[in-house]
Amino acid sequence: MKIYRYPTKNTWTDLVKRPVLEQKEISGLITEIFTEVEKNGDKALIEFNRKFDKAETVSIKVSDVEIQEAEKQINDELKQAIQQAKENIATFHASQKQEIQKIETTKGVVCWRENRAVERVGIYIPGGTAPLFSTVLMLAVPANLAGCKEIILCTPPDKNGNINPAILYAAKLCGVSEIFKIGGAQAVAAMALGTESIPEVNKIFGPGNQFVVAAKEYAQRYGVAIDMPAGPSEVLVIADEQAVPEFCAADLLSQAEHGSDSQVVFITTDLKVFEETIEAVGQQLRDLPRNEFAGQALENSSFILMNSLEEALEFSNLYAPEHLILAINDFEKYIPEIQNAGSVFLGNYSCESAGDYASGTNHTLPTNAYAKNYSGVSLDSFVKKITFQHLSKEGLQNLGKTIELMAEAEGLFAHKNAVSIRLK
Ligand SMILES: NC(=O)c1ccc[n+]([C@@H]2O[C@H](COP(=O)([O-])OP(=O)(O)OC[C@H]3O[C@@H](n4cnc5c(N)ncnc54)[C@H](O)[C@@H]3O)[C@@H](O)[C@H]2O)c1
Ligand SMILES: N[C@H](CO)Cc1c[nH]c[nH+]1
Ligand SMILES: [Zn+2]
């Protein structure tokens, strides 16, 4: 845990750095993995399961029997919880649908956009530190609402070569087409390149560790699109004097527990809240089952005392957190000041776990300061927008002179002629 009291602005660039694996090592490994998958297909994937996940997999495709068996292992209470989360996610994402808006830019010139779903999408479901079946809902629900024809899911197998039953249950519930037992960079390579059993997809979605993020970035050179870099989880909490230290500590630990390379940042203007939150983090960490990841993540994490909420917001915009929690009284006032963040949680009761599971917003979000230039997953992530236009003869008469003049000025006479020939 790194503690800073009133750090000067010239130290901020160091404070916003994330813990990253050695880039050179990762990129060498990713190239190797893609080359191997391209050359040996499924055989390479089975070998990677052995090497990276210590798993024996005879067949990498999940069978219908495995899916039926999984359903029996999920109790009714969890099924109901999954159902409620799914409905909220569907409601929020369905609200993002927009009516087609035809607009007449000049009399007789009508322009509009129409959505078309990305046809075949690949969704990566993390399974290294925890089986994130909630991510199935976050990706498959909007993919279905958007009208994607095929949803291919990849997730790492356990040591016995099995997939967590809740992942299989959620996948079936959300209309996933095919499920494969393969994780990490090799799963991304398989979806980008295609193998004997895994179809090549048009766009790859989903969060993952630094191997997965690096592989998604690499995959783009094969013509596949990606949602965004969604890596190790992070949260930045800004608290004032009325914040509840135990709540702040719980939110910080909720993201720290994702993995040793997660990072959490706590900023407050109040000395009492500062000291009590640090103490509460220590206490809650001791009581947390499987707390080793959270403990390691806290070593990379900062607790900062600042002079004002304005300064805290300025720091937050530089950090560009995946999640921002404003545990402050006057949060409405500060909303316009938020420039860079993946998803924002307002007040003392908007715990980040709500967005992780069930409030309705998407939990697949940009990390590592990518919130400066990317949005989280939404319905739009699963569609392409095609523009249309119709010009009547009158429309071309009204706009023709402008087009001819501009084409001539660019020295493109065939462009000019495409107008002139029609208006002769
Ligand atoms: N940003 C977001 O939206 C978001 C959402 C959910 C989860 N997350 C993050 O996703 C991550 C999930 O990571 P995870 O590790 O639990 O699961 P994961 O499924 O992303 O990664 C596990 C895979 O990594 C590969 N791997 C592990 N060590 C390796 C090595 N040394 N060399 C090559 N490959 C290796 C293995 O193949 C394994 O299957 C966490 O960091 C979590 O915080 C982010
Ligand atoms: N907090 C993660 C995104 O960074 C999402 C998640 C899934 N399950 C629990 N949490
Ligand atoms: Zn989480």
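Note that ligands are numbered from 1 as they come in the structure, with each ligand's atoms numbered from 1 the same way.
Applying the 4.0 Å criterion to heavy atoms of Ala230 picks out, from ligand 1, the atoms 1 (N), 2 (C), 3 (O). Near Ser134, the atoms of ligand 2 lying under 4.0 angstrom from a non-hydrogen atom of the residue are 7 (C), 8 (N). For ligand 2, the atoms closer than 4.0 angstrom to any heavy atom of Gln255 are 1 (N), 2 (C), 4 (O).
Closest heavy-atom approach to atom 31 (N) of ligand 1 within the set Tyr124, Phe293, Phe211: this belongs to Phe211. Ranked by closest heavy atom to atom 2 (C) of ligand 1, the top entry among Gln255, Glu234, Lys181, Glu322 is Glu322. Taking each of Gln263, Gln210, His258 in turn, the one with a heavy atom nearest to atom 40 (C) of ligand 1 proves to be His258. The closest non-hydrogen atom to atom 9 (C) of ligand 1, taken over Gly231, Pro126, Ser343, comes from Gly231. In this structure, of Asp53, Ile30, Asp261, Asp356, the residue bringing a heavy atom nearest to atom 39 (O) of ligand 1 is Asp53. Considering only non-hydrogen atoms, atom 3 (C) of ligand 2 lies nearest to Glu322 out of Glu257, Met138, Glu322, His258.
Contact of the Cys351 side chain with the Phe247 side chain is not registered, since no non-hydrogen atoms from C-beta on lie closer than 4.5 Å. The shortest distance between side-chain heavy atoms of Asp227 and Lys216 falls below 4.5 Å. Looking at Pro245 and Glu279, their side chains never come closer than 4.5 Å, going by heavy atoms from C-beta outward. Within the 4.5 Å cutoff, side-chain heavy atoms of His258 are placed close to those of Gln255. Taking 4.5 Å as the limit, some side-chain heavy atom of Leu29 sits within range of a side-chain heavy atom of Ile33. Side chains of Lys384 and Val118 form a contact here, defined as non-hydrogen atoms less than 4.5 Å apart.
Under the 30°/60° scheme for interplanar angles, the aromatic rings of Phe52 and Phe48 are found to lie parallel. Using a 30° and 60° split on the angle between ring planes, Phe315 and Trp12 fall in the perpendicular class, above 60°.
Ligand 1 does not have Gly259 within reach: every non-hydrogen atom of the residue lies 4.0 Å or more from it. Under a 4.0 angstrom heavy-atom cut-off, Phe48 registers as lying outside contact with ligand 1. Contact analysis puts Gly127 in contact with ligand 1, with a non-hydrogen atom separation below 4.0 angstrom. Remark: distances from the non-hydrogen atoms of Leu29 to ligand 1 include one below 4.0 Å. Remark: distances from the non-hydrogen atoms of Gln186 to ligand 1 include one below 4.0 Å.
Here Thr129 has heavy atoms under 4.0 Å from ligand 1 in both its backbone and its side chain. Here Asn209 has heavy atoms under 4.0 Å from ligand 1 in both its backbone and its side chain. Only the side chain of Leu132 comes within contact range of ligand 1, with a heavy atom under 4.0 Å; no backbone atom does.
Closest to atom 9 (C) of ligand 2, if we only count protein heavy atoms, is Tyr357 OH, 3.3 Å. Among protein heavy atoms, the minimum distance from atom 42 (C) of ligand 1 is reached at Ser233 OG, 3.5 Å. In this structure, the protein non-hydrogen atom closest to atom 3 (O) of ligand 1 is Leu365 N, 2.8 Å.
Across Glu200, Glu178, Glu150, a single residue satisfies salt bridge (Lys or Arg N to Asp or Glu O under 4.0 Å) together with Arg120, and that is Glu150.
Centred on the Zn ion (ligand 3), the angle running from Asp356 (OD2) to His258 (NE2) is recorded as 180°, rounding to 10°.
Considering backbone and side-chain N/O of Gly128, one or more are found under 3.5 Å from N/O of ligand 1. Considering backbone and side-chain N/O atoms, Glu234 never comes within less than 3.5 Å of an N/O atom of ligand 2. Between His363 and ligand 1, a contact under 3.5 Å exists for at least one N or O pair.
Put simply, CG on Leu326 and CD1 on Ile335 are 7.5 Å apart, with the number rounded to the nearest 0.5 Å. Rounding to the nearest 0.5 Å gives a distance of 4.0 Å between OG1 of Thr364 and CG of Leu139.
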